[in-house]
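Notes to accompany the following structure.
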Amino acid sequence: MVKWTEKERSTVSAVWEKVVIDETGPEALRRMLIVYPWTERYFETFGDIFSADTILNNSKVAAHGIVVLKELDKAVKNMDNIEGTYAALSRLHCEKLTVDPENFRLIADCITISVACKLRSALDHQAQATWQKFLSVVAEAMSSQYY
Ligand code: HNI
């Protein structure tokens, strides 16, 4: 199990408090789809997401970005059991959605970049290190039920 110092816990909470889910969620998912276009294949039901323009204007992408980011709130509130928190969601992504788990790292990076664009100097190197540790634990938890 991952150990968190008090400083790390307060840093994750402080970063998370500054995140505006309705902005950062859509922004992060759009980034993933544009920067890593092969991830589009999982979202066939979202309609036309075959160019940067259509991705930026797709309301389903925006809405799903919010769903993904809202889910992170559970990890912030359960830092000592992130794996357990995401066990069912990991199974869903493995068995039903068949998402390659490598993509969890990609979306984690896109979330960090979107957060950094928003927070600017508030996400200093120390805060970034802690935030990325947090997201890598989330990505690992999302991969935990794969077989
Ligand atoms: Ni993900 C559905 C959370 C990464 C593809 N995803 C969900 C749902 C949540 C969620 C919550 C809704 C589940 C439900 O309906 O019961 N996804 C997360 C989280 C991460 C993540 C917390 C990583 C931090 N998902 C990814 C990645 C991909 C992905 C990296 C693909 C590249 N997810 C999907 C797809 C769906 C989905 C596809 C179904 C969407 C739909 O509405 O049909």
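Note: hydrogens, waters and symmetry copies are ignored here, and every other heavy atom, side chains too, is used. Everything quoted here is computed from the prediction, not taken from an experiment. Note that ligands are numbered from 1 as they come in the structure, with each ligand's atoms numbered from 1 the same way.
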Name each N or O atom in ligand 1 that is under 3.5 Å from a protein N or O, and give the partner atom and the distance.
unit_1, atom_1, unit_2, atom_2, d
ligand 1, 6 (N), H93, NE2, 3.0
ligand 1, 17 (N), H93, NE2, 3.1
ligand 1, 25 (N), H93, NE2, 3.1
ligand 1, 33 (N), H64, NE2, 3.4
ligand 1, 33 (N), H93, NE2, 3.1

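- Judged purely by distance below 3.5 Å, without hydrogens or angles, the side chains of S10 and S13 never pair a donor atom with an acceptor atom.
- Under the rule for a ring pair (Phe, Tyr, Trp, His ring centres under 6.0 Å), the partners of F134 that lie at least two apart in sequence or sit in another chain are W131.
- Sorted pairs that involve residues 11-32 and meet ring-ring contact (aromatic ring centres under 6.0 Å, His included), not counting sequence neighbours, are lacking altogether.
- Note on residues 97-118: pairs passing salt bridge (charged side-chain N to carboxylate O under 4.0 Å, His left out), not counting sequence neighbours, are E23-K118.
- There is no path of hydrophobic side-chain contacts, each under 4.5 Å, that joins V67 to M32.
- For the residue pair T85 and N81, the shortest heavy atom distance occurs at OG1-O, 2.5 Å.
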